[in-house]
Amino acid sequence: MSKIDFTGRVAIVTGAGAGLGKNCAVQLAERGAKVVVNDLGGARDGTGEGSAAADLVVEEIKAAGGEAVPNYDNVAEVEGGENIVKTALDAYGKVDIVVNNAGILRDKTFLKMEPQNWDAVIAVHLRGAYCVTRPAFENMKANGYGRIIMTSSSSGVFGNFGQTNYGAAKMGAAGLANVLKLEGAKYNIKVNVLLPGAGTRMTEDVMPPEAFERAKVEYVTPATLYLCSEQCEETGVYINAGGGHFSRSNIQTNLGVRFENMPTPEDLQANWDAITNMEGAKYFPSTAEWSMENLKSPVIKN
Ligand code: NAI
């Protein structure tokens with residue numbers, strides 16, 4: 001096993017003033033990366049004045065002998081994303097790693113989900129991933145190297161009561177990764193998806209107290225660091241990480257059926273089990289591969 005080492009690498013970690021992002025930034029720096037510690041400060045729901053969180057993390061990294069610069073831009077704005085990447089280019093000349101981690105939470109059941117709470121959550125998680133990754137991708141493409149993490153959530157992949165805005169945003173970030181992994185492939189840019197579970201301010205009233213205690217952020221960071229490493233050749237993979245448990249989730253599709261003639265809704269009703277039975281279902285890395293497989297579906301004479 002080769003040691004995972006980030007000497008010579010430049011990393012951007014968004015929302016790195018607290019929680020998972022902070023630990024990721026600290027550990028990347030401990031292993032030699034030069035880190036842009038982005039965080040605009042503010043409360044869990046994204047409101048409030050900016051705090052000095054990014055500065056404190058930079059001080060901590062420097063005190064331990066590492067290299068880091070702070071950035072206070074909002075990931076959800078185009079100029080914010082550009083400025084975060086500019087901070088890396090000005091300080092260290094390139095970007096090798098982007099960990100899209102910044103996040104807010106505004107949970108409400110669907111009928112109480114007012115537009116401002118919908119928009120704010122989609123903006124930080126989904127638009128934020130776009131705004132930061134796009135200028136970074138340009139530099140990675142020019143350098144022929146990149147590692148990008150989209151922080152998603154089980155709330156999107158499986159569903160979680162009261163989080164329609166968050167689940168939609170997090171699934172959107174996974175969809176962004178599904179496509180970007182294809183566009184980055186020939187430039188050695190790997191794009192992977194992290195589904196963390198950790199006791200942070202984001203989960204303090206969502207997780208049961210014993211689970212919160214057990215789920216230290218340090219249990220998630222090994223997954224983030226591995227996915228950011230040169231050694232990681234995977235792309236487009238969703239990794240669940242929390243409390244010492246690691247697993248992979250993916251979207252699978254079965255072979256289904258093909259009707260010989262124009263089907264009626266009753267034809268679907270009559271063949272529902274064949275259409276929906278997941279036996280033999282497979283993961284497809286792109287639409288193109290899935291379309292080819294479709295041609296093999298058994299034909300139903302109707
Ligand atoms: P946290 O609340 O401790 O940290 C999030 C950080 O993002 C905060 O420091 C905040 O100031 C920063 N931030 C918020 N909006 C920002 C913006 N517009 N621009 C820049 N920075 C901004 O939360 P935690 O738990 O560390 O979450 C990190 C990521 O992991 C989030 O994307 C979250 O949705 C995701 N996640 C966390 C889970 C958990 O169990 N803690 C579960 C699933 C996903």
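One-based numbering, in listed order, for ligands and for the atoms of each. Just the heavy atoms: all of them, side chains too, but no hydrogens, waters or symmetry mates, feed the values below.
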Exercise for review: Assess whether salt bridge (Lys or Arg N to Asp or Glu O under 4.0 Å) is satisfied between Lys62 and Glu59, documenting all intermediate values.
Suggested key: CA-CA 5 Å; Lys62 286 188 170 164; Glu59 276 169 32; over 6 Å; no
Practice item. In sequence, state the C-alpha distance, the side-chain angles, and the governing distance for Asn143 and Asn139, and then conclude on side-chain hydrogen bond (donor to acceptor under 3.5 Å, both in side chains). Key: CA-CA 6 Å; Asn143 297 335; Asn139 186 257; 3.0 Å; yes
Review point. Under the side-chain hydrogen bond (donor to acceptor under 3.5 Å, both in side chains) criterion, do Asp55 and Tyr72 qualify, and how do the steps go?
Key: CA-CA 9 Å; Asp55 284 331; Tyr72 319 100; 2.5 Å; yes
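Residue contact check for ligand 1: Gly197 places a non-hydrogen atom closer than 4.0 Å to it. Ligand 1 lies less than 4.0 angstrom from a heavy atom belonging to Ile104. Heavy atoms of Ser152 approach ligand 1 to within less than 4.0 angstrom.
Looking at Val75 and Ile84, their side chains come closer than 4.5 Å, going by heavy atoms from C-beta outward. Looking at Arg147 and Val99, their side chains never come closer than 4.5 Å, going by heavy atoms from C-beta outward.
For the residues Val57, Leu105, Leu40, the heavy atom positioned nearest atom 21 (N) of ligand 1 is part of Leu40. Between the choices Lys170, Arg201, Glu204, the shortest heavy-atom distance to atom 8 (C) of ligand 1 belongs to Arg201. The closest non-hydrogen atom to atom 43 (C) of ligand 1, taken over Cys24, Ala120, Pro196, Gly41, comes from Pro196. Taking each of Asn38, Thr200, Asn101, Leu20 in turn, the one with a heavy atom nearest to atom 37 (C) of ligand 1 proves to be Leu20.
In Ala16, neither the side chain nor the backbone holds a heavy atom less than 4.0 Å from any atom of ligand 1. Only the side chain of His125 comes within 4.0 Å of ligand 1, counting heavy atoms alone; its backbone N, CA, C and O stay farther away. At a heavy-atom cutoff of 4.0 Å, ligand 1 is contacted by both the backbone and the side chain of Val75.
In terms of polar-atom proximity, defined here as any N/O pair under 3.5 Å, Val124 makes no such contact with ligand 1.
From the protein, the heavy atom lying nearest to atom 11 (O) of ligand 1 is Asp39 OD1, 2.6 Å. At the top of the distance list for atom 35 (C) of ligand 1, counting protein heavy atoms only, stands Thr151 CG2, 3.6 Å.
Geometrically, Arg9 engages Tyr145 in a cation-pi contact, judged by NZ or CZ lying under 6.0 Å from the ring centre and within 45° of the ring axis. Remark: Arg214 is not positioned above the aromatic ring of Tyr219, lacking an NZ or CZ atom under 6.0 angstrom from the ring centre and at most 45 degrees off the axis.
Counted by atom type alone, Gln269 and Asp267 present zero donor-acceptor pairs between their side chains at under 3.5 Å.
Remark: side-chain polar atoms of Arg31 are not paired, donor with acceptor, to backbone N or O of Asp5 under 3.5 angstrom.
Of all the atoms in ligand 1, the ones that sit under 4.0 Å from a non-hydrogen atom of Asp73 are 19 (N), 20 (C). Which parts of ligand 1 touch Ala198 is read off a 4.0 Å heavy-atom cut-off, strictly below it: atoms 39 (C), 40 (O), 41 (N).
Residue Val95 is tested with Val36, Thr87, Val85 for a side-chain contact (heavy atoms from CB on, under 4.5 Å); the sole match is Val85.
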